[in-house]
Amino acid sequence: MSELQVAKTETGDKIKNVMVELGFSLASIIIALLVGLIFIVLADESPRVAYGALYVGSVGSLREFMNTLWRSTPLIFTGYALALPFKAGLFNIGGEGQLLVGGFAAGFVGFYFTGLPAILHVTLAVLAGMVAGAIWGLIPGILKAFKGAHEVITTIMLNYIAVALTLRYGINRFRIGGRQALPIIQETAEMLRLNELAEMPVLGRIPFVEIFALPGLRLHFNFVLALIAALILWFLLWKTTTGYELRAVGFNASAAEYGGISSNKTIIIAMVIGGALAGLAGAGEVLGTHHTFISGMDAGYGFTGIAVALLGRNHPFGIVLAGLLFGGLSQGGLEMQFVGVPSEIVTIIQALVIFFVASLQMLKWYLAERKAKGEAE
Amino acid sequence: MGTIRELLAIPLLLTSFRFATPLILAALGGIFNERSGVINIALEGMMLFGAFAAVYGSGLTGNPWIGVLYSMIAGLSFALILALVCVTFKANQIVVATGINIFASGLTIYLLQVLFGVAGTSPRVPRLPAVRFLGITRYNPITFIAVALVPIVWFILFKTPWGLRIRAIGEHPSAADTLGVNVNKYRFICVLISGTLAGLAGAHLSIGEGSAFVREMTQGRGFIALAAMIFGKWHPVGAFGAAMLFGYAEAIAIRVDFAYIPSELIRAIPYFITIIILAGFIGKAIPPKAIGKPYFKGED
């Protein structure tokens, strides 16, 4: 075979692999939606009405579609927060806590820093959120690398410490008035919203921008950051030495160590970047969505992000797609509630997706095993 | 002076048992599955579903003891999912357990809406009878059950051949397999025991200490139980001690006003302690060796 042919079959294999992965993810979603039917019927609701509302509520109009993108933003980030450490062989269950401390830090900087130009202020607040999240990832990273403490347990514990520090103590200490929230951030710290774009001096001149100037359209700039992050992560993982080391440690830590890669360093890097991305999710929710750090802003994104990463096969682009799907489910769930179908069916479907992705993975492994045995005989 | 007197007050110490009860039960359950080599971060979800099922069973029949039975079946049913998918089909234990926690949260709120037509709190149902203790405090029967289970679990795990096998498959499954122990059967049963106990812990929260189900009412207690298990170094007596300490922390966070320490942070003490213990800063906690790894016959 010539070199060209080899290259061709390699690309062919790659495409085939991607198709197989996509197929398994799609199959999981379809089975989950089918099993979801049982819960709809048991609630004495019509599947047509329920799934119709889910469709209309998520992609039925420009506003709903844009709000689906908005809902997916924190999920995409928390998906990355699981996926990147996972590539290095670590399970970061701490997305929730990293998101909370990130949101709190952003809300704090957003309110207490005053008199700054808008671009500088919002950047500072975003960075504060990322740094706080990174620290919340650094702690379990260090404990894993140098003390061998299981990251699943330490990140779970740090989630609850974050809840106590930010949602309970932090809010009670700094709030003004009775609302369970920090004070509203300064206008200079607000993240750009799509429906305000038409009023902006330069950006307002972009053609057709005024069609987005709808009330209740909540998409903001963090979605753009989520897409940029996908590109950066893809580049980091597959085009840099750090990425190579990360994948090597995840594949076989002792072999990587033998090959001269410091697994301790790699573990810490993966956890810090993962934490920073979850922190960015929190910062975006505070600066773009709520304009304050408010009780309930986490909405379980840290845990749903685990499902998103799983469904997206821990690949940055896959996570964007999975995040959009889960965002659409959440957004459409509101419409479902509106027509009288319990919106929690959406949460149930999301959990079912996790079960089926995990189970189908084993089916794939089982089939491969059988095929290998068949070839050996 | 005043604070110390409050901290050592007998009623407060006795109240700690009530807060510790769900932690003791779920931690004992956790010891079973972790000693057999299966990690269970779904205790939280199992407890939550147990709490709901207890209220439903009690309301349906008017008998809180039927509620207790329902709670155990509820915990068991979730454990069945975990055991089937993770032990039999060998899927990732952490992933599936996370799924169960999300499922529990969604399912209980869905059932509140479908069965009771409410969004947040269920109607009141008959609760378990409270028993006066030393004339000072009252305990519901589940507290006595939890405390009584501690020596029983210790006996099963450390004094019976059955317990020896459980501990062996958690440390070195292939060696146990060679000696004829059916690794996956034991693990399956241990996960089921774990779920049943976590479900019972839920009943304590909903119809033991109160008489209704509130959405998300477990509030991380399943994870504190996990912490108690680790702090107690996977030993029933140790876990009991840790659960008592954490129950005490919860009691003082509610009952005692400290001048300089915010009560919100006192509740986080169990989590701090667990991290410190896991990292080995004081008395390192070492989990069973084979924990979290599915067992494939013929591989090491």
Side-chain angles (χ1 to χ4, degrees), chain A residues 39 42-45 91 93 139-140 142-144 146-150 152-154 156-165 167-173 300 303-304 306-307 310 337 341-363 365-366 369, chain B residues 39 41 44-45 81 84-86 88-96 98-114 119 215 219-220 223-224 226-227 230 262-281 284-287 291-292 294:
Chain A
F39 290 91
L42 286 180
D44 296 324
E45 301 290 347
F91 238 108
I93 306 285
I139 299 168
I142 287 179
L143 292 176
K144 170 78 177 183
F146 297 110
K147 296 285 184 177
H150 202 310
V152 169
I153 309 293
T154 52
I156 286 175
M157 299 302 145
L158 281 164
N159 283 342
Y160 283 97
I161 294 175
V163 168
L165 276 180
L167 287 177
R168 305 246 170 85
Y169 175 68
I171 285 180
N172 284 336
R173 170 79 178 71
F303 291 111
T304 317
I306 296 170
L310 205 68
Q337 188 77 39
V341 183
S343 65
E344 290 300 325
I345 287 174
V346 162
T347 315
I348 292 175
I349 291 171
Q350 291 176 340
L352 290 171
V353 169
I354 300 185
F355 294 147
F356 294 125
V357 173
S359 311
L360 286 180
Q361 203 112 335
M362 292 325 294
L363 179 74
W365 169 85
Y366 175 75
E369 187 88 330
Chain B
I39 206 164
I41 60 168
E44 174 80 9
I81 301 178
L84 204 67
V85 182
C86 293
T88 311
F89 297 128
K90 300 173 181 61
N92 187 304
Q93 295 162 8
I94 291 160
V95 166
V96 177
T98 305
I100 288 177
N101 287 335
I102 296 175
F103 190 61
S105 163
L107 185 66
T108 50
I109 299 172
Y110 162 86
L111 289 174
L112 265 182
Q113 254 182 288
V114 174
R215 61 190 284 172
Q219 291 189 329
F223 292 117
I224 301 193
L226 203 69
I230 295 164
S263 67
E264 301 100 325
L265 296 185
I266 289 175
R267 284 178 185 236
I269 288 173
Y271 307 120
F272 273 114
I273 291 179
T274 308
I275 292 178
I276 289 168
I277 294 279
L278 260 185
F281 293 121
K284 186 156 179 73
I286 299 156
I291 194 112

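Residue numbers begin at 1 in each chain, while the letters A, B, ... track the order of the sequences.
- Listed for the B/Tyr271 side chain is no donor-acceptor partner under 3.5 Å among the backbone atoms of A/Ala164.
- The line from OG1 of B/Thr274 to CD1 of A/Ile153 is 9.0 Å long, rounded to the nearest 0.5 Å.
- With a 4.5 angstrom heavy-atom cutoff, A/Phe146 does not touch chain B via any of its atoms.
- Taking B/Glu264 as the reference, A/Arg168, A/Tyr169, A/Asn172, B/Pro262 meet the side-chain contact (heavy atoms from CB on, under 4.5 Å) condition, with sequence neighbours excluded.
- Looking at A/Leu143, the atoms closer than 4.5 Å to chain B (heavy atoms on both sides) all sit in the side chain, from C-beta outward.
- For the set B/Ala119, B/Gly220, B/Ala268, the entry with the most heavy-atom pairs within less than 4.5 Å of chain A is B/Gly220.
- Residue A/Tyr160 touches chain B through both its backbone and its side chain, counting heavy-atom pairs closer than 4.5 Å.
- The contact between B/Val95 and chain A is made by backbone and side chain atoms together, counting heavy-atom distances below 4.5 Å.
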Going by atom type alone, with no hydrogens or angles, which donor-acceptor pairs under 3.5 Å involve a side-chain atom of residues 101-109 of chain B and a protein atom two or more places apart or on another chain?
residue	atom	partner	partner atom	Å
B/Asn101	OD1	B/Gly45	N	2.8
B/Asn101	ND2	B/Ile41	O	2.9
B/Ser105	OG	B/Glu216	OE2	2.8
B/Thr108	OG1	B/Ala104	O	2.8
B/Thr108	OG1	B/Ser105	O	3.2

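- Considering OG1 of B/Thr98 and CD1 of A/Ile156, their distance stands at 7.5 Å, rounded to 0.5 Å.
- Nearest heavy-atom pair, A/Pro342 versus B/Tyr110, reported as atom, atom and distance to 0.1 Å: CB-CD1, 4.0 Å.
- Considering only heavy-atom pairs separated by less than 4.5 Å from chain A, the leading option among B/Asn92, B/Leu84, B/Ile224, B/Ile266 is B/Asn92.
- Going from atom CZ of B/Phe223 over to atom CE of A/Met157 covers 8.0 Å, rounded to the nearest 0.5 Å.
- With a threshold of 4.5 angstrom between heavy atoms, A/Ala358 approaches chain B through its backbone and through its side chain.
- Looking at A/Leu42, the atoms closer than 4.5 Å to chain B (heavy atoms on both sides) sit in the backbone and in the side chain alike.
- The parts of A/Leu158 that come within reach of chain B are both its backbone and its side chain, each placing non-hydrogen atoms under 4.5 angstrom from that chain.
- Put simply, the side chain of A/Leu165 reaches to within 4.5 Å of the side chain of B/Leu265, judged on heavy atoms.
- For the atom pair CD1 of B/Ile230 and NE2 of A/His150, the computed distance is 9.0 Å after rounding to the nearest 0.5 Å.
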